2 protein chains.
Amino acid sequence: MDTDMRVTYAKDCPSRTVVSVLANKWALYILGVLGRNDRPLRFTVLRRHIEGVTQKSLTQALRNLERDGLVRRTVYPTVPPRVEYSLTDLGREAGALTTAIADWSKANATRVLTARAAYDGRADDDTDGARGTEGARHTDGALGTDPR
Amino acid sequence: MDTDMRVTYAKDCPSRTVVSVLANKWALYILGVLGRNDRPLRFTVLRRHIEGVTQKSLTQALRNLERDGLVRRTVYPTVPPRVEYSLTDLGREAGALTTAIADWSKANATRVLTARAAYDGRADDDTDGARGTEGARHTDGALGTDPR
DNA sequence: CAGGATCCTAGATGATACTG
DNA sequence: CAGTATCATCTAGGATCCTG
């Protein structure tokens with residue numbers, strides 16, 4: 001009867017630190033790509049797989065994942081440089097989880113999008129003419145502007 | 001041999017829209033809390049469970065989840081108001097996945113944090129005195145300032 | 001109690017240019 | 001190729017005050 005009083009996710013809980021790493025679009029995609037191929041991938045290849053990511057964001061996300069021991073970065077001192085990324089054991093575990101999310105997202109995208117459309121429809125109704133609820137809610141939504 | 005050329009996560013892939021919903025700290029926690037208790041929870045209770053979330057962020061996250069059909073919002077027209085949140089079937093599915101992530105995070109926090117410390121240690125070495133790699137990398141890290 | 005409306009800023013992201 | 005460095009931007013999120 002005290003479930004109303006307990007704190008499930010305490011601020012200082014270490015799990016929060018880890019979650020905040022996984023709760024990242026790019027990190028999710030990286031683990032996904034790396035998890036699906038088990039072979040190490042090069043920076044550029046990785047980037048091609050994750051359409052729309054800038055090299056900066058990708059680099060940053062990779063660094064964070066490397067720092068947290070989820071991704072291994074191997075540098076071959078050749079010229080031109082060759083850097084390969086692969087999952088560590090830890091990363092493979094996490095990757096299984098995030099891949100599950102990506103897969104579920106793909107499988108259920110329609111259900112979600114339908115619900116969303118319905119919700120927006122309702123909102124339009126009782127918002128009358130005042131507006132304010134239109135399409136621009138999320139940042140990432142699938143839009144048409146071409147990848148560049 | 002063309003796995004190097006294929007795009008795994010296309011920009012217009014609907015899954016990306018869904019992932020961007022789940023790739024959110026607060027959404028993850030909400031699904032987690034709601035998933036663990038199967039009973040509907042009130043706004044304030046929910047908020048207590050997720051330490052550190054502001055009412056704004058919580059409201060926003062809940063709205064998005066409701067919009068996407070993952071969370072059900074029930075309003076009781078009493079005074080004072082009573083609003084309860086619970087998972088839909090869709091939300092329960094997603095919740096299972098995100099809870100898995102939260103659990104894994106909790107279970108492996110040490111491994112991650114250890115790797116992180118090691119990485120930062122190395123960085124400190126070859127950064128010499130120049131600095132720039134210290135503790136402030138991530139936003140969420142467990143800090144000491146009290147919840148308020 | 002459960003938010004809505006505002007104001008404001010740190011940090012995330014994008015665009016661009018440069019380099020070992 | 002695989003970044004690093006910079007500058008401009010943008011906005012999610014925090015702090016506050018208000019209300020049905």
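Keep in mind that this is a model prediction, so the values were computed, not measured. Labels below follow one simple rule: chain letters A, B, ... track the order of the sequence lines, proteins then strands, and each chain is numbered from 1. FYI, side chains are in, hydrogens and waters are out, and symmetry mates aren't considered; it's all heavy atoms of this structure.
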Polar atoms only, N or O, under 3.5 Å: list the protein pairs with nucleotides 4-8 of chain D and their distances.
unit_1, atom_1, unit_2, atom_2, d
D:dT4, OP1, A:Arg63, NH2, 3.0
D:dT4, O4, A:Gln55, NE2, 2.4

Rounded to the nearest 0.5 Å, what separates atom CG in B:Asp89 from atom CZ in B:Arg72?
7.0 Å

Nearest whole angstrom, please: distance from the C1' of D:dT11 to the CG of B:Asn24.
14 Å

Closer to the 5' end of DNA chain D via nearest nucleotide, is it A:Pro80 or B:Val53?
A:Pro80

In Å, rounded to the nearest 0.5 Å, how long is the span from CG of A:Leu62 to CH2 of A:Trp26?
12.0 Å

Report yes if at least one side-chain N or O of A:Arg42 is closer than 4.0 Å to OP1 or OP2 of D:dA2; otherwise report no.
yes

Grab the CG-P distance between A:Leu62 and D:dC1 for me, whole Å please.
16 Å

Atom pair CG/CD1 of B:Leu28 and B:Ile50 - distance to nearest 0.5 Å:
10.0 Å

Which part of the nucleic acid does A:Tyr76 contact within heavy-atom distance under 4.0 Å: base, sugar-phosphate only, or nothing?
nothing

Distance below 4.0 Å between B:Ser57 side-chain N/O and D:dG14 OP1 or OP2
yes

What is the distance, rounded to the nearest whole Å, between atom CG of B:Leu58 and atom C1' of D:dG14?
14 Å

Ignoring backbone atoms, establish whether A:Tyr85 has a side-chain N or O less than 4.0 Å from OP1 or OP2 of D:dG3.
yes

How close or far is atom C1' of C:dT13 from atom OH of A:Tyr29, stated in whole angstroms?
15 Å

So CZ of A:Arg16 and NZ of B:Lys106: to nearest 0.5 Å the spacing works out to 11.0 Å

First locate atom CG of A:Asn108, then atom CG of A:Asp103, and finally report the distance between them rounded to the nearest 0.5 Å.
10.5 Å

Whole angstroms only, please: what is the CD-C1' distance between B:Gln60 and C:dA5?
13 Å

Please walk me through it: do A:Trp104 and B:Val18 pass side chain to side chain contact (heavy atoms under 4.5 Å, CB included)?
CA-CA 9 Å; A:Trp104 185 87; B:Val18 181; 4.1 Å; yes

Report the distance from atom CZ of B:Arg47 to atom P of C:dC1, rounded to the nearest whole Å.
11 Å

Same cluster (ILVMFWY, side-chain, under 4.5 Å), B:Leu34 and B:Val75:
yes

Atom-to-atom span, CZ of B:Phe43 to C1' of C:dC1 - whole angstrom
10 Å

